[in-house]
Amino acid sequence: MEELERLLDSYRARWTEPDPVLALLTEIDAAGDEAAGLAALATLARRPRAVILLDSSARRVRWHVSEGYVPPQLTKAGRARRDGSPLGVALASTHGDGRLRERAVEQIIARRLPELVPFLVLRTGDWVPEVRERAGAGLAVLLHRDPARMLPAAVGVGLWVEGRLRGTFVRNQLRAAAADPRAPLESLLGSPDREVRAFAFEAGAWRLDRKVSVALTAPDVRLRSSAAEAAARDCVWSARVEVLRRLAASPHAEVRVEALTGLVRLGRDAEVVAHLDDKSSLVRALARAAASRVGVDVPAYYRSRVTAGAIDGFAEVGGDGRHLVELLAHPTGRIRARAVRALRVLEQVTDDLVLPLLRDPSSVVVREATVALRSVPAALPWELLGDERPAVRTAGYRLARRLGRVAELRAALTAVGDSHVRLARRGRADAVRIAHSLVSVPWRRRTVAPLEVGAAEAPGLRALLERAAVGLDEQTAYLLRELLG
């Protein structure tokens, strides 16, 4: 199945060329190896989006053929014989002929194979009423009789088609099956598909300890937030303060927010105040609200702490930021960067403080200083563009763009040949954009302002262009040569 996996990794809708996945599946079916066919169906079932694309591709009508065109790959597999292989039946369910799809649906229901259920789910939204009604009735019966096997097979594609036309029926059937005690919700909660995990959690009646476990260990933010909200709600009802404290120590901000909200509802404002310098702005806001109720001087608290959260919090509440100036010499680069940002937010930064930081050892500090610098000396960007460090050269590039279009073009041509890949790519993209923006075309309504290149600047720009032409496409290089005379 390695070849199938490789094709599915880059699978997309193809409307004017043969579908390689469809061709491969037809070859597997024609070989007569039923085990290989079931393995291919299992591979497809793990990729619900691929099943939907395959269904659309199998029934497409190409623009250069008649409306009754049937893809040749399905001519044999689409007969839906009574003795057909499972893979052949699955392919037949995607056929353009409604009668063949209906017979394929009957076989899927009769065989009761989980590998075929995703294709049955698709047919519940079929535009032919006979196919749709038969598939819907069969899906309901299969899910009711054996939710342990059929629900995991149906839920992936079912959640994908929920938002499509006639997709509500599938969602209702999935919910009904998930309410069955035999439904394997615990295994679905460990699915690699985030939509399936969310569905399993919403459908289950979970114990508090399981909600806490999901909130602390779930891989995606949506599930962690839902689990933390449900756990915090249960803790508030039962006054489980210890559990809320455990959630409040989570490394994930969305979990801490729910836990601290629960502590506030239980009147534990003093415990929430301890999170005033949290990394999350929402957590800090909750803590400040609690601090106002217990009488804590928030600005003084922030001045007494040297953490990234405390610096960000001080910028949020405002005040005299003289203590932040001292932090510009802090040995930790993250602290220096946050101090620069806070001074900028408070509008208390001066250029004499920022200029030395443009060559700071920390690239994070260099980025913050670039944003905070108010006025750009004319020679500064070109000095920085000649530095040996990529972060400093990137700062020079950004500052050059603030000096006008001519300086922006000069910086772009300088960066095209840079050894730093990202900076070179950015310079190339900006050179292309500038070149095309200066060309007047009939369909562009706006007036194109000419590039005001002085007599002293033109020779230097032309020399830069000749050096950068190797990294530019031929059209861009031609346009810039014309513009520069």
Enumerate donor-acceptor pairs with a distance under 3.5 Å from any side-chain N or O in residues 476-485 to protein atoms, sequence neighbours excluded.
unit_1	atom_1	unit_2	atom_2	d
T476	OG1	D473	OD1	2.7
T476	OG1	D473	OD2	3.0
R481	NE	E466	OE2	3.2

Any side-chain heavy atom of R398 within less than 4.5 Å of one from T394? yes
Heavy-atom pair of closest approach, residues A50 and Y11: O-CE2, 3.6 Å
The reported gap from CG in L409 to CZ in R405 (rounded to nearest 0.5 angstrom) is 9.5 Å
Nearest-0.5 Å distance, CG of residue L260 to CG of residue L282: 9.5 Å
Please name the residue in the list V161, V170, V117, T94 that meets the side-chain contact (heavy atoms from CB on, under 4.5 Å) test with L122. V161
Grab the two heavy atoms, one from P114 and one from A153, that are nearest each other, plus how far apart they are. O-CB, 3.2 Å
Step by step, work out the side-chain contact (heavy atoms from CB on, under 4.5 Å) result for L44 and L54. CA-CA 9 Å; L44 284 171; L54 178 67; 4.1 Å; yes
What's the spacing between S93 OG and L116 CG if we round to 0.5 Å? 8.0 Å
SB check E347 R374 (cutoff 4.0 Å): no
With the side chain counted from C-beta on, respond yes when L380 and L358 share a heavy-atom pair under 4.5 Å apart, and no when they do not. yes
Begin with the C-alpha distance, continue with both residues' side-chain angles, and end with the deciding distance and a verdict on side-chain contact (heavy atoms from CB on, under 4.5 Å) for L41 and F119. CA-CA 10 Å; L41 289 174; F119 295 88; 3.6 Å; yes
Is there a salt bridge (charged side-chain N to carboxylate O under 4.0 Å, His left out) between R123 and D126 once you walk through the steps? CA-CA 5 Å; R123 298 281 65 82; D126 201 281; 2.8 Å; yes
Can any side-chain N or O of R401 pair as donor or acceptor with the backbone N or O of E408 at less than 3.5 Å? no
Give me each pair satisfying side-chain hydrogen bond (donor to acceptor under 3.5 Å, both in side chains) with a member in residues 375-391, each pair once, sequence neighbours excluded. D351-S375
Would the number of heavy atoms belonging to other residues, nucleotides or ligands and lying under 6.0 Å from CZ of R344 be above 12? yes
Pairwise side-chain contact, P390 with L423, heavy-atom cut-off 4.5 Å (strictly under): no
Kindly say whether S187 contributes a backbone atom to a donor-acceptor pair with the side chain of S191 at under 3.5 angstrom? no
Sequence neighbours excluded, every pair satisfying salt bridge (Lys or Arg N to Asp or Glu O under 4.0 Å) that has a member inside residues 185-200: E186-R210, E195-R222, R197-D220
R393 and S419, any side-chain heavy atoms less than 4.5 Å apart: yes
Using modelled atom types only, decide if a donor and an acceptor are shared between the side chain of S85 and the backbone of G88 within a distance under 3.5 Å. yes
Using a strict threshold of under 4.0 Å (side-chain N to carboxylate O), is an ion pair present between R46 and E5? yes
One pair to check against side-chain contact (heavy atoms from CB on, under 4.5 Å): L464 and V416. What are the steps and the verdict? CA-CA 10 Å; L464 283 174; V416 165; over 6 Å; no
Would you name the heavy atoms of L188 and A200 that are closest together and state the gap between them? CB-CB, 3.7 Å
Under a 3.5 Å distance rule, please check whether S226 uses its side chain to pair with a backbone N or O of L223 as donor and acceptor. no
Please find the pair of heavy atoms, one from L385 and one from G396, that lie closest to each other, and give the distance. CG-C, 4.1 Å
Nearest-0.5 Å distance that lies between atom NE2 in H252 and atom CG in L216: 8.0 Å
With the side chain counted from C-beta on, respond yes when L286 and H275 share a heavy-atom pair under 4.5 Å apart, and no when they do not. no
Qualifying side-chain hydrogen bond (donor to acceptor under 3.5 Å, both in side chains) pairs with a residue from residues 361-372, counting only residues at least two apart or across chains: R341-E368
Is there side-chain contact between L472 and L465, with at least one heavy-atom pair below 4.5 Å? yes
Looking only at heavy atoms, the pair that brings P118 and A45 closest together is CG-CB, 4.2 Å
Nearest 0.5 Å please: distance from the OG1 atom of T43 over to the CD atom of E2. 11.0 Å
So do H436 and V432 actually touch side chain to side chain, heavy atoms under 4.5 Å? yes
What side-chain hydrogen bond (donor to acceptor under 3.5 Å, both in side chains) pairs are there with at least one residue in residues 303-319, not counting sequence neighbours? D277-R305, D277-T307, R284-E316, R288-E316, D312-R338
Donor-acceptor contact present, side-chain S57 to main-chain L53, <3.5 Å: no
Taking the side chain as everything from C-beta on, heavy atoms only, tell me whether V366 gets closer than 4.5 Å to L357. no
With side-chain contact (heavy atoms from CB on, under 4.5 Å) as the test, would you mind laying out the steps for L276 and V283 before giving the verdict? CA-CA 8 Å; L276 274 171; V283 172; over 6 Å; no
Residue pair A372 / V354: nearest heavy atoms and the distance that separates them: CB-CG2, 4.1 Å
Assess whether side chain to side chain donor-acceptor pair (under 3.5 Å) is satisfied between T350 and D352, documenting all intermediate values. CA-CA 6 Å; T350 57; D352 60 324; 2.4 Å; yes
Look up atom NE2 in H330 and atom CG in L324, then write down how far apart they are to the nearest 0.5 Å. 12.0 Å
Return each pair, listed once, that meets side-chain hydrogen bond (donor to acceptor under 3.5 Å, both in side chains) where at least one residue sits in residues 422-432; pairs must be two or more places apart or across chains. Y397-D430, D430-R433
Can the positive tip of R171 be found less than 6.0 Å from the middle of the six-membered ring of W160, inside 45° of the ring normal? no
